[in-house]
Amino acid sequence: MTQPGPDEPAVDVLGVPQEAEDDGHGESALTVAIALGANVLIAVAKTAAAVITGAASMLAEAAHSWADAGNEVFLLIAQRRAARPADTSHPLGYGREVYVWSLFAAIGLFAVGAGVSITHGIQELSHPEPASDFGIAYAVLGVSLVLEGVSFVQASRQAKRAAARRDRDLVDHVLATSDPTVRAVFFEDAAAIVGILIATGGIAAHQVTGSAVPDAIGSILVGILLGVVAVVLIDRNRRFLVGEAVDPALHAAAVHALLALPEVARVTQLRLEFVGARQVYLTGAVDLDGDPGETEASHLLASLERRISATSGVVGAVLSLSEPEEPSIHD
């Protein structure tokens, strides 16, 4: 990224606290690391409990936790690969890699978590088997609930701060954020907590009634829950991979910031597209103040591009001159 000279102060073109400041790479990595550690411990405990008790819901929860742990590995790979600097083959950097690996993680959640849980639940309905050692199941689920809660609190804390700065509802922000790691950990942990409650209910009903049917139904419900979460995550990553524009508030802030520059008389085109987590690429057309000649206008546009590209979160900018008949964009 070309930096402005000492007489060219950087333009805060986004104009408001943005995702480049809201969700730091370091905190996102911490969020994923906490989730990974919690899910590995939980997965081991649930697997042991599933073998001992024979409960279908416990096996579904074990598959759920192993899928989540695998997903966190994908998310850590995503962050590492997306952080690589731009080069000649990728002039805008590798930011979109975060969506590719996050998409793999979401597909894994669907195939492993949802697939195993639903399949085993159906098998249990066809060939029910009694469960035993219910106390072990409850103990493991209780500890799992605490560990998942710790991970969920970390993900929620990060998302809440960002949502408050953007004046968004928490869930709306998690769905809209360009950082897929925050979205994945938040929804996976939320689904894990709900899944534990479903599994506890299914196992308790199994213990009270002596029938494996409620337990099997609990396994199927956990699978459906994971499937819904996976589809949401897959769709969001797909949309960012295809190319998603920033939200209207951020677009309006960018127009306002450009119009505040003394060199800019009008803004007639402006496109801000996400090219990675908290990274945007800007293209637009402006009418310069006064009537500069071709050479002077070229220098002014180049200077503006350098200053805009120096903004945190902007990986590049391309500006052209507006056509006289083009209508202005108003902030």
Side-chain angles (χ1 to χ4, degrees), residues 35-74 105-152 155 184-234:
L36 175 59
N39 278 313
V40 169
L41 293 174
I42 292 168
V44 171
K46 286 180 179 177
T47 300
V51 172
I52 294 171
T53 65
S57 294
M58 184 58 72
L59 181 61
E61 278 298 295
H64 179 182
S65 294
W66 282 119
D68 283 351
N71 290 352
E72 264 83 66
V73 173
F74 276 121
I107 293 172
L109 179 66
F110 185 87
V112 178
V116 171
S117 300
I118 293 175
T119 301
H120 184 69
I122 293 173
Q123 290 175 344
E124 188 71 13
L125 285 175
S126 302
H127 306 286
E129 295 182 3
S132 60
D133 298 297
F134 294 101
I136 294 176
Y138 296 139
V140 169
L141 289 173
V143 173
S144 299
L145 185 62
V146 173
L147 292 176
E148 292 287 7
V150 170
S151 179
F152 183 68
V185 173
F186 180 89
F187 279 117
E188 287 175 6
D189 286 346
I193 292 172
V194 175
I196 289 171
L197 298 177
I198 292 174
T200 301
I203 293 171
H206 188 163
Q207 181 181 16
V208 170
T209 64
S211 170
V213 172
D215 193 12
I217 292 175
S219 179
I220 294 172
L221 291 176
V222 169
I224 292 173
L225 173 66
L226 296 182
V228 171
V229 170
V231 168
V232 170
L233 296 179
I234 289 170

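- Every residue meeting the side-chain contact (heavy atoms from CB on, under 4.5 Å) condition with A43, not counting sequence neighbours, appears here in chain and number order: S65, W66.
- Evaluation of the side-chain contact (heavy atoms from CB on, under 4.5 Å) rule for V194 yields I198, L225 as partners, not counting sequence neighbours.
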(request) Quick one: do L233 and E188 satisfy side-chain contact (heavy atoms from CB on, under 4.5 Å)? Show the steps, please. (result) CA-CA 10 Å; L233 296 179; E188 287 175 6; 4.2 Å; yes
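- I107 pairs by the side-chain contact (heavy atoms from CB on, under 4.5 Å) definition with L103, I234, not counting sequence neighbours.
- Residue pairs meeting the salt bridge (charged side-chain N to carboxylate O under 4.0 Å, His left out) criterion with at least one partner in residues 49-65, sequence neighbours excluded, are K46-E61.
- Annotation: the span from T47 atom OG1 to I42 atom CD1 amounts to 11.5 Å, rounded to 0.5 Å.
- Of all heavy-atom pairs spanning G195 and V222, the tightest one is O-CG2, 3.9 Å.
- Heavy atoms only, all atoms of each residue included: L36 and A69 are closest at CD1-O, 3.4 Å.
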Taking distance alone, no hydrogens or angles, what donor-acceptor pairs closer than 3.5 Å link side-chain atoms of residues 114-128 to residues at least two apart or in another chain?
{"from": "S117", "atom 1": "OG", "to": "A60", "atom 2": "O", "distance (Å)": "3.4"}
{"from": "S117", "atom 1": "OG", "to": "G113", "atom 2": "O", "distance (Å)": "2.7"}
{"from": "T119", "atom 1": "OG1", "to": "G115", "atom 2": "O", "distance (Å)": "2.7"}
{"from": "E124", "atom 1": "OE2", "to": "E129", "atom 2": "N", "distance (Å)": "3.0"}
{"from": "S126", "atom 1": "OG", "to": "I122", "atom 2": "O", "distance (Å)": "3.2"}

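- Taking both residues in full, the closest heavy atoms of S57 and S219 are given as OG-N, 3.5 Å, listed atom of the first, atom of the second, then distance.
- Looking at every heavy atom in both residues, G149 comes nearest to I193 through CA-CD1, 4.3 Å.
- Considering all non-hydrogen atoms of both residues, A49 and I136 come closest at CB-CG2, 4.2 Å.
- In this structure, E148 has no side chain to side chain donor-acceptor pair (under 3.5 Å) partners at least two apart in sequence or on a different chain.
- Nearest heavy atom pair, residue A105 against residue N71, reads O-OD1, 2.7 Å.
- Applying the side chain to side chain donor-acceptor pair (under 3.5 Å) rule to D68 yields the partners H64; only residues at least two apart in sequence or on another chain are considered.
- Among residues two or more places apart in sequence or in another chain, the ring pair (Phe, Tyr, Trp, His ring centres under 6.0 Å) test is passed with F152 by F186.
- Considering CD1 of I196 and CG of L145, their distance stands at 5.0 Å, rounded to 0.5 Å.
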Donor-acceptor pairs under 3.5 Å, side chain of residues 201-209 to any protein atom, not counting sequence neighbours: which ones?
{"from": "H206", "atom 1": "ND1", "to": "D215", "atom 2": "OD2", "distance (Å)": "3.4"}
{"from": "H206", "atom 1": "NE2", "to": "A131", "atom 2": "N", "distance (Å)": "3.4"}
{"from": "Q207", "atom 1": "OE1", "to": "Y138", "atom 2": "OH", "distance (Å)": "2.6"}
{"from": "T209", "atom 1": "OG1", "to": "A205", "atom 2": "O", "distance (Å)": "2.6"}
{"from": "T209", "atom 1": "OG1", "to": "S211", "atom 2": "N", "distance (Å)": "3.1"}

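- In this view, S151 and D189 satisfy the side chain to side chain donor-acceptor pair (under 3.5 Å) rule, not counting sequence neighbours.
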